[in-house]
K.L.:
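Okay, handing you the structure first.
Heavy-atom basis, side chains included; hydrogens, waters and symmetry copies ignored. Whatever order the structure lists them in is the order used to number ligands and atoms, beginning at 1.
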Amino acid sequence: MSPTAPPTAADADTPFSQRLKTATWSDHESAEYHGFTQALLDGTLPLDGYTAMVAQHYFAYAALEEAGRALADDPVAGRFSYPALLRVPALVADLEHLVGPDWRDRVSPTPATRTYVARLQRMADSPEGFVAHHYTRYMGDVSGGQFIRRVVAQAYGLTGAGLSFYVFDGLGSLPRFRADYRARLDSLELAPEAAERLIGEARLAYRLNTEVLADLGRVHTPGPSARP
Ligand code: HEM
């Protein structure tokens with residue numbers, strides 16, 4: 001899926017949110033056009049592949065949201081504390097549904113997820129780095145994630161339980177939320193080096209996510225069709 005034309009190159013007057021998107025869009029494409037992601041999007045990924053992805057999300061969001069709690073009072077990172085974004089409760093509910101009540105004994109992080117989690121844990125001391133990881137995951141979840149939600153609902157016949165990760169009822173209008181989020185990015189007034197650090201960390205965040213997808217893709221290959 002190619003949602004929009006690639007963002008155009010940035011100049012000095014370009015809002016930071018636009019610079020960030022422009023600088024990371026090629027990394028986004030690597031994640032979006034990965035084999036595992038494509039199998040998910042075209043409905044050929046068996047349900048256990050989807051379940052494995054939900055489990056890997058759980059480990060990553062637990063680390064991301066823990067770092068967010070540590071930075072709640074930080075003047076930069078604290079601006080991105082939206083309680084309705086928090087995904088761990090939804091992931092726990094989804095894993096209970098998809099794996100069962102003993103899911104904690106049955107899921108474990110892949111090597112790439114361990115690497116990603118270790119990086120996320122370091123962000124508790126790095127407000128700009130935290131914002132980069134926050135942006136890469138949550139803005140994706142409220143953008144392309146909403147498309148994935150529809151595909152997953154159809155492919156696996158899920159209605160509520162099992163895909164609550166993609167449901168952000170507490171945020172209200174998602175287009176309005178995305179505009180608010182970009183306005184917060186634009187209001188950061190970062191020094192040039194801090195802005196570059198944030199962009200560099202967002203590119204790393206994409207690569208770490210793509211490695212998680214690669215780990216999953218080595219184990220979970222597309223079947224003929226997951227659609228009922
Ligand atoms: C699974 C396949 C994916 C699809 C179909 C997809 C699709 C999209 C779409 C349609 C947008 C909105 C683009 C726009 O505003 O013009 C978007 C934005 C975004 N996606 Fe994805 N995406 C996918 C995977 C990912 C992954 C794996 C990540 C990161 C881990 C990600 C992170 C983002 C971010 C951060 C944005 C917001 C960009 C911005 O407006 O600044 N996406 N995606």
Side-chain angles (χ1 to χ4, degrees), residues 1-10 14-45 49-50 52-54 56-61 63-64 80 82 85 87 91 110 112-113 115-117 119-120 123 129-155 163 165-166 168 171 173-186 188 195 198-217 220 222 226:
M1 181 170 106
S2 188
T4 50
T8 49
T14 306
F16 181 66
S17 60
Q18 186 60 36
R19 275 182 62 202
L20 178 58
K21 183 171 181 178
T22 302
T24 55
W25 201 247
S26 63
D27 304 292
H28 181 277
E29 300 216 314
S30 302
E32 182 176 351
Y33 293 104
H34 194 277
F36 180 86
T37 322
Q38 289 303 297
L40 175 70
L41 293 180
D42 67 18
T44 58
L45 183 71
Y50 170 70
M53 184 182 76
V54 177
Q56 300 313 306
H57 280 157
Y58 167 77
F59 296 110
Y61 282 83
L64 178 61
F80 295 87
Y82 296 89
L85 273 185
R87 293 294 88 195
L91 287 163
T110 68
T113 298
T115 303
Y116 183 23
V117 164
R119 187 73 191 171
L120 289 167
M123 296 302 109
F130 169 78
V131 173
H133 285 274
H134 190 279
Y135 160 80
T136 308
R137 281 306 330 178
Y138 296 112
M139 276 294 269
D141 299 334
V142 299
S143 306
Q146 298 307 299
F147 176 75
I148 298 171
R149 171 185 176 175
R150 290 190 288 278
V151 174
V152 164
Q154 204 192 338
L163 50 67
F165 172 75
Y166 297 103
F168 288 94
L171 286 181
S173 150
L174 293 186
R176 205 172 315 130
F177 170 77
R178 289 193 293 265
D180 178 74
Y181 194 101
R182 290 193 182 104
R184 291 188 195 201
L185 286 171
D186 294 339
L188 286 178
L198 197 162
I199 290 172
E201 190 68 31
R203 298 199 65 189
L204 175 62
Y206 272 114
R207 290 199 295 279
L208 292 167
N209 273 277
T210 305
E211 284 303 315
V212 172
L213 297 170
D215 264 2
L216 290 169
H220 301 279

K.L.:
So is Arg182 touching ligand 1 or not, going by heavy atoms under 4.0 Å?
P.N.:
yes
K.L.:
Run Arg87 and Tyr138 through side-chain contact (heavy atoms from CB on, under 4.5 Å) and show every step you take.
P.N.:
CA-CA 9 Å; Arg87 293 294 88 195; Tyr138 296 112; 3.9 Å; yes
K.L.:
Atom 38 (C) of ligand 1: which of Tyr138, Tyr181, Phe147, Tyr135 has the nearest heavy atom?
P.N.:
Tyr135
K.L.:
I need the atoms of ligand 1 closer than 4.0 Å to a non-hydrogen atom of Leu41, numbered in the order shown.
P.N.:
2 (C), 5 (C)
K.L.:
Would you check the N or O atoms of Lys21, main chain and side chain alike, for any that come under 3.5 Å of an N or O of ligand 1?
P.N.:
yes
K.L.:
Relative to each other, are the rings of Tyr206 and His28 parallel, tilted or perpendicular (30° and 60° limits)?
P.N.:
perpendicular
K.L.:
Given Gly140, Ala60, Gly144, Ser30, which has its nearest heavy atom closest to atom 33 (C) of ligand 1?
P.N.:
Gly140
K.L.:
Looking at Asp180 and Arg184, is there a salt bridge between them, counting it only when a charged N and a carboxylate O are closer than 4.0 Å?
P.N.:
yes
K.L.:
Hey, could you give me the OH/CG distance between Tyr50 and Leu40, rounded to the nearest 0.5 Å?
P.N.:
8.0 Å
K.L.:
Please work out whether any backbone atom (N, CA, C, O) or any side-chain heavy atom from C-beta onward of Arg178 is under 4.0 Å from ligand 1, and answer side chain, backbone, both or neither.
P.N.:
neither
K.L.:
Using heavy atoms and a threshold below 4.0 Å, how should the contact between Leu20 and ligand 1 be classified: side chain, backbone, both, or neither?
P.N.:
neither
K.L.:
Does any N or O in the side chain of Asn209 come within less than 3.5 Å of the main-chain N or O of Ala205, such that one atom is a donor and the other an acceptor?
P.N.:
yes
K.L.:
Output yes when a side-chain donor or acceptor of Arg207 lies under 3.5 Å from a complementary backbone atom of Asp27, and no otherwise.
P.N.:
no
K.L.:
Based purely on interatomic distance, does Trp25 place a nitrogen or oxygen under 3.5 Å from a nitrogen or oxygen of ligand 1?
P.N.:
no
K.L.:
Within a distance under 4.0 Å of any heavy atom of Ala31, pick out the atoms of ligand 1 and give their elements.
P.N.:
27 (C)
K.L.:
Give the numbers and elements of all ligand 1 atoms closer than 4.0 Å to a heavy atom of Arg137.
P.N.:
30 (C)
K.L.:
Have a look at Met139 and tell me which of Asp141, Thr136, Val142 forms a side chain to side chain contact (heavy atoms under 4.5 Å, CB included) with it.
P.N.:
Val142
K.L.:
Using distance alone, decide if ligand 1 has a nitrogen or oxygen within less than 3.5 Å of any nitrogen or oxygen in Thr136.
P.N.:
no
K.L.:
Residue-level breakdown please: for Tyr206 versus ligand 1, do any non-hydrogen atoms fall below 4.0 Å on the side chain, on the backbone, on both, or on neither?
P.N.:
side chain
K.L.:
Quick one: does any side-chain atom of Asp215 pair with a main-chain N or O of Thr110 as donor and acceptor, under 3.5 Å?
P.N.:
no
K.L.:
Taking 4.0 angstrom as the limit and counting only heavy atoms of Thr37, give me the atoms of ligand 1 inside it, by number and element.
P.N.:
1 (C), 2 (C)
K.L.:
Give the atom numbers and elements of ligand 1 that come within less than 4.0 Å of a heavy atom of Asn209.
P.N.:
30 (C)
K.L.:
Quick check: His28 and ligand 1, any N/O pair under 3.5 Å apart?
P.N.:
yes
K.L.:
For Gln56 and Thr113: C-alpha separation, side-chain torsions, deciding distance, then whether side-chain hydrogen bond (donor to acceptor under 3.5 Å, both in side chains) applies.
P.N.:
CA-CA 7 Å; Gln56 300 313 306; Thr113 298; 2.7 Å; yes
K.L.:
Look up atom CD1 in Ile148 and atom CE in Met53, then write down how far apart they are to the nearest 0.5 Å.
P.N.:
6.0 Å
